[in-house]
Amino acid sequence: MGRDEYERRMMRAGRAAAEAGLAGLIVTPGPDLVWLCGYRPTAVTERLTALVIEPGRAPRLLVPVLERPDAERAAGAGALTVAGWTDGADPYVELGKWLAPQGRYGVSDGMWALHLLGLQRSVPGGGYAALTEVLPMLRAVKGAYEVERLAAAGAAADAAYQDVLGVRFAGRRERDVAGDLARLLTEHGHSQVDFTVVGSGPNGANPHHEAGERVIQDGDRVVLDFGGLKDGYGSDISRTVHVGEPGAEERTVHEVVREAQQAAFEAVRPGIACQDVDRVARRVIKSAGYGEYFIHRTGHGIGVTTHEPPYLVEGEHLPLVPGMCFSIEPGIYLPERFGVRIEDIVVCTDSGGRRLNVTGRELAVVA
Ligand code: ZN
Ligand code: ZN
Ligand code: ZN
């Protein structure tokens, strides 16, 4: 992706800041910086790096002078001015010279407190707000290039799932299977593995269980939820498998979750409120009698991170827009017994949803 696309993103961010009543944005290393200008410092340290975007002005990037050559090689560097600060200088005073003394700025959610406190000291009249709160949808609508990157990450996660169906589950620890998932994601082109959930038996009833020492038994149901980054874009898929032949109730619960996931997918279209997609999934689970066991939101956005706006949750009134990419991941969690979750990444298109995970959602039997 070239300079022009980064320039467009930074200009759009400047306009969005103005519309939100902000003087501008201050972006420190992390996903927003990568997305806006393609710069990912090799090491993030206490030395300040900050991109300042103000409407109607060329964006400026302040970096430690020793990192300036690296910053100037970033893909979007041609669309901004890079300035260096030298050890011994006060970088907050340097940055403060660029800022409106009474301006209110949106700052990266992950900006270190060290830096924000430094800014508050050097620009005491300024105001600061978290970027996700003031511009939640800044990165939410993906362009065609981004959708294809997400589709490629999804295809790699699908392939990893197909492969893991062939590994041994019974008699091995959850963390051994988690290791298989990490290896498979890497083999299928991921540069970073963010999570490998293997929730076997009763552990599957805890949506936040990662993977532990429990030895998987014949007859267990196992929730798998894994993903990471491939070529800078995220994957996130959940499937629930069964070791040996499942019982009747296990089949029923799995089918309810699959229907809920399908119904929510079919509800995706431009203009529908995020919370209404959540409600569609919840209605299916509730009418099957499991409403109290669906204990989390239906989905989250995905892009250069694996969790970001938009959130498909009650209370989120924002409408879906073509290009938004998000998970649809209803689940049922029966305490002390087992859990089921099925998750695909979906993109909203003009004509409805398109799944970026296409591997089978039926109950798979593993050994
Ligand atoms: Zn997931
Ligand atoms: Zn997810
Ligand atoms: Zn999650």
Side-chain angles (χ1 to χ4, degrees), residues 31 132 139-140 142 146-147 149-151 153-162 164-165 174 177-178 180-182 184-185 188 190 192-200 203-211 221-230 233-241 254 257-258 260-262 264-265 268 274-275 277-278 280-282 285 294-314 316 320 324-333 338-348 353-361 364:
T132 298
R139 291 189 274 113
K142 271 68 182 180
E146 299 190 279
V147 172
R149 283 285 177 102
L150 286 163
D158 284 358
Y161 172 67
Q162 285 300 322
V164 89
L165 293 178
E174 291 174 342
V177 176
D180 291 339
L181 285 170
L184 289 166
L185 283 171
H188 287 287
H190 279 60
Q192 183 178 314
V193 176
D194 287 337
F195 47 90
T196 51
V197 171
V198 180
S200 68
N203 290 341
N206 170 8
H208 273 155
H209 178 78
E210 274 269 334
R221 179 170 284 272
V222 187
V223 176
L224 306 172
D225 185 350
F226 51 96
L229 296 183
K230 178 181 189 293
Y233 280 81
S235 69
D236 184 4
I237 182 174
S238 303
R239 291 291 184 269
T240 306
V241 300
H254 194 275
V257 175
R258 204 166 69 90
Q261 209 272 351
Q262 179 67 23
F265 167 71
V268 170
C274 289
Q275 70 172 7
V277 180
D278 178 85
V280 167
R282 213 162 290 281
I285 290 176
F294 178 15
I295 52 179
H296 56 68
R297 65 190 176 209
T298 292
H300 56 82
I302 188 166
V304 294
T305 72
T306 47
H307 279 95
E308 61 186 45
Y311 294 103
L312 305 185
V313 65
E314 184 65 32
E316 179 53 271
L320 292 183
M324 283 183 173
C325 295
F326 44 83
S327 68
I328 296 184
E329 52 178 305
I332 293 177
Y333 307 92
F338 65 87
V340 174
R341 179 165 65 259
I342 301 174
E343 170 179 28
D344 284 337
I345 301 305
V346 171
V347 54
C348 179
R354 171 190 160 203
R355 290 185 194 272
L356 302 185
N357 295 104
V358 294
T359 193
R361 290 176 299 282

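Each ligand, and each atom within it, is numbered from 1 in the order the structure gives.
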- Note on the structure: Between L229 and V304, the two heavy atoms sitting closest are CD2-O, 3.8 Å
- Item | Of the N, O or S atoms in D236, the one nearest the Zn ion (ligand 2) | OD2
- Considering just N/O/S atoms, say which atom of D225 is closest to the Zn ion (ligand 1). OD1
- Find, among atoms of E343 that are N, O or S, the one nearest to the Zn ion (ligand 2), and state its name. OE2
- Item | Metal proximity, H300 vs the Zn ion (ligand 2), N/O/S cut-off 2.8 Å | yes
- Message: Using a strict threshold of under 4.0 Å (side-chain N to carboxylate O), is an ion pair present between R361 and D344?
- Response: yes
- Report the relative orientation of the aromatic rings in F226 and Y161; use parallel for angles under 30°, tilted for 30 to 60°, perpendicular for over 60°. parallel
- Applying side-chain contact (heavy atoms from CB on, under 4.5 Å), run through E308 and H300 and close with a yes or a no. CA-CA 6 Å; E308 61 186 45; H300 56 82; over 6 Å; no
- Item | Name of the residue among V193, L224, V197, D225 meeting side chain to side chain contact (heavy atoms under 4.5 Å, CB included) with L181 | L224
- Item | 2.8 Å cut-off met by an N, O or S atom of E329 to the Zn ion (ligand 2) | yes
